[in-house]
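I have placed the structure first, in the form of structure tokens, so that the comments after it can refer back to it.
Everything numeric in this text was worked out from a predicted model, so none of it was measured.
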Amino acid sequence: DNSWKILWKLKVPPKIKVFWWRVLNEFILAKDILNRRHIEPVGFYEWCGSERETIKHIFRDCTTARGFWREVKALTGVKLPPLHPLTWASDILRDEVCSERDRCVIIIGIYALWTQRNRKNHGEQQLPLRKVVQWAVDLAHDFWQTTKQAMQRTTGISKPTWRTPRTGCMKCNVDGAFDPRTGQGATGAVLRNHS
């Protein structure tokens with residue numbers, strides 16, 4: 001599946017790649033998942049009163065999430081694309097659904113929503129929604145710029161190539177191979193002078 005390759009090449013911090021891997025595998029401990037696994041007695045979502053606290057609801061359908069995405073769109077122009085209700089998490093990784101830059105903003109935004117949800121559940125002070133949006137957008141932009149610059153630097157570096165020896169000198173390149181199944185081997189050598 002190509003989506004796994006796309007996931008690990010995303011221009012987001014490693015912890016957010018792991019977070020998205022957990023989303024794809026339903027390892028995020030939303031109450032609906034815990035309820036289906038008989039760990040949580042109910043799947044109720046306290047933030048908005050929804051009957052089920054699903055991953056999709058937390059990140060896309062909740063009133064808090066909708067307000068978050070409105071702010072993101074106003075600030076960056078990035079809009080959540082229409083997604084299939086069952087395959088939405090893997091759909092975000094597809095090129096025909098959104099651009100690479102938009103994908104990074106969306107996934108970092110979802111991570112920010114999850115962090116806010118956890119802060120509330122653990123009784124910690126929550127950041128205002130605008131600050132959460134600004135943090136997510138800044139992180140996505142900074143990380144995108146950093147990785148883009150790093151890629152430009154590495155593509156500008158030329159790989160070392162074979163160089164001719166000095167006049168009057170010889171170079172000898174050798175290599176060998178062995179196949180343990182047949183017990184056969186081979187060696188090769190190339191001798192070259194300056195010309």
Side-chain angles (χ1 to χ4, degrees), residues 1-72 76 78-127 129 131-144 146-147:
D1 184 0
N2 200 33
S3 61
W4 297 110
K5 290 179 185 174
I6 294 168
L7 169 63
W8 300 120
K9 289 180 181 177
L10 280 176
K11 293 179 177 82
V12 298
K15 69 179 177 182
I16 296 177
K17 291 178 190 179
V18 171
F19 166 76
W20 201 251
W21 176 81
R22 292 177 67 210
V23 168
L24 289 167
N25 287 293
E26 289 195 338
F27 294 157
I28 297 292
L29 300 179
K31 282 190 177 180
D32 182 61
I33 293 170
L34 293 173
N35 180 256
R36 282 188 281 140
R37 294 179 185 170
H38 307 289
I39 297 169
E40 186 74 38
V42 292
F44 180 74
Y45 189 37
E46 292 95 14
W47 270 26
C48 66
S50 174
E51 188 180 307
R52 310 291 301 163
E53 183 192 61
T54 63
I55 297 171
K56 183 176 139 297
H57 181 80
I58 295 167
F59 301 148
R60 201 182 100 180
D61 301 333
C62 178
T63 51
T64 304
R66 280 189 256 145
F68 177 87
W69 294 115
R70 272 193 304 273
E71 292 283 329
V72 168
T76 65
V78 174
K79 180 182 173 193
L80 260 182
L83 299 166
H84 189 277
L86 300 176
T87 59
W88 66 273
S90 58
D91 288 349
I92 289 173
L93 297 175
R94 294 185 15 233
D95 287 334
E96 57 272 12
V97 172
C98 58
S99 70
E100 188 179 11
R101 180 186 161 274
D102 290 1
R103 181 179 302 127
C104 292
V105 170
I106 290 168
I107 289 175
I108 289 174
I110 290 173
Y111 177 78
L113 281 168
W114 180 251
T115 304
Q116 277 294 94
R117 177 250 186 215
N118 287 343
R119 289 177 76 118
K120 183 170 184 145
N121 284 356
H122 296 288
E124 296 175 29
Q125 183 180 3
Q126 287 184 261
L127 296 171
L129 195 57
K131 283 194 174 185
V132 176
V133 170
Q134 192 63 55
W135 173 83
V137 169
D138 287 349
L139 178 63
H141 178 74
D142 292 348
F143 209 84
W144 179 263
T146 304
T147 54

Partners of [X] by side-chain hydrogen bond (donor to acceptor under 3.5 Å, both in side chains), sequence neighbours excluded?
X: T115; value: none
X: N25; value: none
X: E124; value: none
X: R70; value: none

*Does R103 pair with D95 as a salt bridge, N-O distance under 4.0 Å?*
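So R103 pairs with D95 through a salt bridge.
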
*Out of R117, K31, R36, which residue meets the salt bridge (Lys or Arg N to Asp or Glu O under 4.0 Å) rule with E53?*
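One option only clears the test, and that one is R117.
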
*For C98 and I92, work out which heavy atoms get closest and say how close.*
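Shortest heavy-atom contact: SG-O, 3.4 Å.
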
*Can you see which heavy atom on A65 is nearest to which on I58, and at what distance?*
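Heavy atoms only, the tightest pair is CB-O, 3.4 Å.
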
*What residues, two or more places apart in sequence or in another chain, satisfy side-chain contact (heavy atoms from CB on, under 4.5 Å) together with K56?*
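Here the qualifying residues are T54, R60, D61, P85, W88.
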
*Output all residues satisfying side-chain contact (heavy atoms from CB on, under 4.5 Å) with D91, sequence neighbours left out; order by chain, then residue number.*
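Result, side-chain contact (heavy atoms from CB on, under 4.5 Å) vs D91: L83, H84, T87, R94, V97.
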
_For F27 and W21, I'd like to know if the aromatic rings sit close, meaning centre-to-centre distance below 6.0 Å._
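Yes: the rings meet the under 6.0 Å criterion.
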
*Compare all side-chain heavy atoms of R52 with those of N35 and state whether any distance is below 4.5 angstrom.*
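Contact flag for R52/N35 side chains = yes.
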
